[in-house]
2 protein chains.
Amino acid sequence: METFKSEKEFLTSYNIHDFDLPLTTVDLCIFSLLDQSLKLLLVRRSDYPYKDCWALPGGFVDIKQDMNLEVTAIRKLEQKTGVKTPYVEQVETFGNQTRDPRGWSMTVLYFALLANSDAITDSGEEVCWVTLAEAKKIELAFDHQDLIHKAIDRLRSKVSYSTLPMHILPATFTLAELQKAYEIIMDRSVDKKAFRRRIDSAKLLVETGEMRQDGGRPAKLFKLKKSAETHFYNRSI
Amino acid sequence: METFKSEKEFLTSYNIHDFDLPLTTVDLCIFSLLDQSLKLLLVRRSDYPYKDCWALPGGFVDIKQDMNLEVTAIRKLEQKTGVKTPYVEQVETFGNQTRDPRGWSMTVLYFALLANSDAITDSGEEVCWVTLAEAKKIELAFDHQDLIHKAIDRLRSKVSYSTLPMHILPATFTLAELQKAYEIIMDRSVDKKAFRRRIDSAKLLVETGEMRQDGGRPAKLFKLKKSAETHFYNRSI
DNA sequence: CTAATAGTGTCTATTAGACATTATTTC
DNA sequence: GAAATAATGTCTAATAGACACTATTAG
């Protein structure tokens with residue numbers, strides 16, 4: 001290797017293309033609660049490889065345009081859904097020789113939570129919302145079945161010890177709706193009293209003053225406190 | 001964009017260097033318990049950028065040599081420590097415009113746990129083990145201060161609800177030694193009875209039959225059961 | 001015997017789960 | 001009134017934390 005007298009001199013002669021770099025993409029597992037089910041968004045690929053296959057939304061990091069990885073994720077998400085400020089969380093990075101036929105590639109997987117009110121489907125591209133069971137039966141591009149599995153694992157495990165589902169609901173919601181969100185994601189019922197004690201203890205919600213009625217006694221509407229971060233409990237639900 | 005008749009045709013004409021790709025590295029936060037403290041391994045950089053600065057061990061993904069990202073991590077770890085089968089876990093991926101003066105770069109951060117018996121220091125390069133407090137005071141290369149912070153956060157939080165510290169001890173150990181490992185990592189004392197109940201409930205340890213003595217009554221030695229995976233508790237310690 | 005460390009017994013406070021009860025609405 | 005949904009009261013079982021106690025070694 002050459003030697004340089006200073007960092008500046010080194011950088012001047014540094015050429016990024018002297019080395020073989022992995023392809024680098026960001027993929028998203030976008031979740032929403034639709035028709036009382038947890039669903040995720042798939043898009044049909046318009047280009048090779050895996051042309052016409054269903055896949056997770058995502059794409060290359062654009063180093064000209066994106067300040068950082070999360071910006072890439074949010075940009076891709078807005079392209080497909082129109083939503084600008086969803087809840088986004090990095091899950092894991094997958095990189096190996098075989099996952100992309102173009103060569104050694106890595107993808108940074110994020111999951112996003114969208115309120116059903118934001119889960120529109122009128123994009124120009126072919127997109128669709130599918131349940132987890134439906135997704136499993138579809139032949140997806142790349143290793144996207146594995147990515148979905150990891151994203152769901154992360155979502156499920158986190159829901160059991162945090163207030164994460166507050167971010168998959170619209171701006172205001174009832175406690176019954178919040179409980180239902182937990183139940184759909186965890187795929188099991190939870191006790192109402194225990195659930196409310198738990199939510200109460202996090203102190204993240206405030207009453208809006210409004211009520212919502214659904215066939216019986218009207219329920220109080222709640223919203224997240226300003227600057228409410230996800231709360232983590234000491235015990236699983 | 002051109003159109004292709006088949007995936008094969010597309011791949012033939014695909015040139016990886018047509019696009020600007022981020023630099024991709026793997027960095028490691030290697031933890032060990034030395035002198036009753038949690039320490040991590042730093043290496044002095046021999047090349048630009050940040051020549052002669054202390055940094056986390058790591059380096060470029062070698063797409064000719066490495067089958068996947070974890071192999072890259074384990075290869076780097078073996079280069080610096082000689083240890084071939086440590087506990088390794090992916091933490092998070094950091095990617096942005098500014099973290100590397102050479103350009104848009106991303107690094108996949110792993111942490112590794114080494115038994116103190118494996119924590120040798122006689123590599124050819126300049127390496128050293130430092131406490132967390134010492135690391136904070138050193139001017140590290142790139143954004144490695146941030147990476148260390150994230151790795152410690154992950155380690156600490158995971159220790160509070162799992163059996164992770166079993167992997168930072170030698171093959172056999174006493175329950176007192178295991179408890180001390182928890183205490184050092186979490187930086188607080190834990191109750192002996194509650195701790196032993198908890199470890200017992202995970203059912204991951206078996207007695208070796210041997211004893212170890214340390215000034216008083218001899219203590220039973222334990223080892224991990226074959227194929228023992230980390231256990232996750234429903235409640236934090 | 002004392003000192004040191006290993007290991008156990010047991011009480012208490014907390015709290016999740018179960019489930020019954022009351023409250024408020026529409027019809 | 002009945003039916004539906006919201007909200008609360010209360011008992012019980014599980015268990016983490018506290019801490020006292022017993023056990024086994026060395027000297």
Side-chain angles (χ1 to χ4, degrees), chain A residues 36 157-163 165-166 169 172-223 231-237, chain B residues 36 157-163 165-166 169-170 172-184 186-223 231-237:
Chain A
Q36 303 280 31
S157 97
K158 209 153 182 180
V159 162
S160 74
Y161 62 86
S162 79
T163 56
M166 292 182 185
L169 294 178
T172 65
F173 48 85
T174 68
L175 295 180
E177 287 163 354
L178 182 57
Q179 182 176 339
K180 191 72 192 166
Y182 273 85
E183 291 177 331
I184 291 171
I185 296 171
M186 297 196 298
D187 196 26
R188 66 182 182 84
S189 63
V190 303
D191 179 79
K192 180 160 63 167
K193 188 64 196 291
F195 177 76
R196 283 170 185 232
R197 264 194 309 242
R198 194 174 166 87
I199 293 301
D200 193 54
S201 74
K203 297 189 199 308
L204 289 179
L205 299 182
V206 283
E207 299 180 19
T208 65
E210 311 282 306
M211 306 289 274
R212 171 174 300 161
Q213 200 168 343
D214 183 27
R217 171 174 170 179
K220 286 178 182 168
L221 279 171
F222 291 86
K223 63 181 177 187
H231 178 83
F232 297 98
Y233 297 99
N234 281 335
R235 319 175 52 154
S236 289
I237 205 169
Chain B
Q36 303 280 30
S157 99
K158 210 151 181 181
V159 162
S160 74
Y161 62 86
S162 78
T163 55
M166 293 182 184
L169 294 178
T172 65
F173 49 84
T174 68
L175 294 179
E177 286 163 355
L178 182 57
Q179 181 176 338
K180 193 69 194 169
Y182 273 85
E183 290 177 331
I184 291 170
M186 297 195 301
D187 196 26
R188 66 183 180 85
S189 63
V190 303
D191 179 78
K192 181 161 62 167
K193 188 65 197 291
F195 177 76
R196 285 170 184 232
R197 263 195 310 244
R198 194 174 167 88
I199 294 301
D200 193 55
S201 74
K203 297 189 201 310
L204 289 179
L205 299 182
V206 284
E207 298 179 19
T208 66
E210 312 281 306
M211 307 289 274
R212 172 175 299 160
Q213 199 168 342
D214 183 26
R217 172 175 170 179
K220 286 179 181 167
L221 278 171
F222 291 85
K223 62 181 178 189
H231 178 83
F232 296 99
Y233 297 99
N234 282 334
R235 318 176 53 154
S236 290
I237 205 171

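Quick note on labels: first sequence line is chain A, next is B, and so on, each numbered from 1.
- A donor-acceptor contact under 3.5 angstrom links the side-chain atoms of A/K193 to the base of D/dG9.
- In this structure, A/I237 reaches the sugar-phosphate backbone alone: every heavy-atom distance under 4.0 Å involves primed, P, OP1 or OP2 atoms, never a base.
- A/R198 has its side chain out of reach of A/V190: every pair of non-hydrogen atoms, C-beta onward, lies at least 4.5 Å apart.
- Each of A/L178, A/L175, A/V206 was evaluated against A/F222; a single residue qualifies, A/L175, per the side-chain contact (heavy atoms from CB on, under 4.5 Å) test.
- We find that CE of A/M211 is positioned 11 Å from C1' of D/dT5, with the value rounded to whole Å.
- Between B/R197 and B/K192, the one whose closest nucleotide on DNA chain D sits nearer the 5' end is B/R197.
- Both A/G215 and B/G216 lie close to DNA chain C; mapped to their nearest nucleotides by heavy-atom distance, the more 5′-ward contact belongs to B/G216.
- Nearest-nucleotide mapping onto DNA chain D: of A/A176 and B/R198, the residue sitting toward the 5' end is A/A176.
- Considering only heavy atoms from C-beta on, A/I199 stays 4.5 Å or farther from A/Q179 through its side chain.
- Rounded to an integer number of Å, the gap from B/F195 CZ to D/dA16 P is 13 Å.
- Rounded to whole angstrom, the span from the CZ atom of A/R235 across to the C1' atom of D/dT15 amounts to 7 Å.
- Contact annotation: the side chain of B/E183 never approaches that of B/R188 to less than 4.5 Å [non-hydrogen atoms, C-beta and beyond].
- For residues 201-209 of chain A, proximity to DNA chain C is found at no residue, defined as any non-hydrogen atom under 4.0 angstrom from a strand atom.
- Closest of all the heavy-atom pairs between A/P165 and A/S162 is CD-O, 4.1 Å.
- With both pairing distances under 3.5 Å, C/dT2 is matched to D/dA26 as a Watson-Crick or G-U wobble pair.
- A/F222 places its CZ atom 7 Å from the P atom of D/dA7, with the value rounded to the nearest Å.
- Contact check for A/E210 versus A/T172: no side-chain heavy atoms found under the 4.5 Å cut-off.
- No side-chain donor-acceptor contact under 3.5 Å links B/S160 to the backbone of B/S236.
- The residue B/D214 sits close only to the backbone: its heavy atoms come under 4.0 Å of sugar-phosphate atoms, none of a base.
- Residue A/K220 is in sugar-phosphate contact alone, with no base atom involved, counting any heavy-atom pair closer than 4.0 Å across all strands shown.
- Distances shorter than 4.0 Å separate some side-chain N or O of A/R196 from OP1 or OP2 on D/dA7.
- To the nearest angstrom, P of D/dT12 lies 16 Å from CG of A/D191.
- For the ring-ring contact (aromatic ring centres under 6.0 Å, His included) condition, the pairs that include at least one residue of residues 180-200 of chain A, sequence neighbours left out, are A/Y182-A/F195.
- At a threshold of 4.5 Å between non-hydrogen side-chain atoms, the residues B/N234 and A/Y161 do not count as touching.
- One can place CZ of A/R212 at 17 Å from C1' of D/dA4, the figure rounded to the nearest angstrom.
- Read 5' to 3', the first and last nucleotides of DNA chain C with an atom closer than 4.0 Å to a heavy atom of chain A are C/dT15 to C/dT26.
- Partner B/E207 forms a salt bridge (Lys or Arg N to Asp or Glu O under 4.0 Å) with one of B/K220, B/K223, B/R212 and no other, that one being B/K220.
- A/I199 has its CD1 atom 14 Å from the P atom of D/dT8, to the nearest Å.
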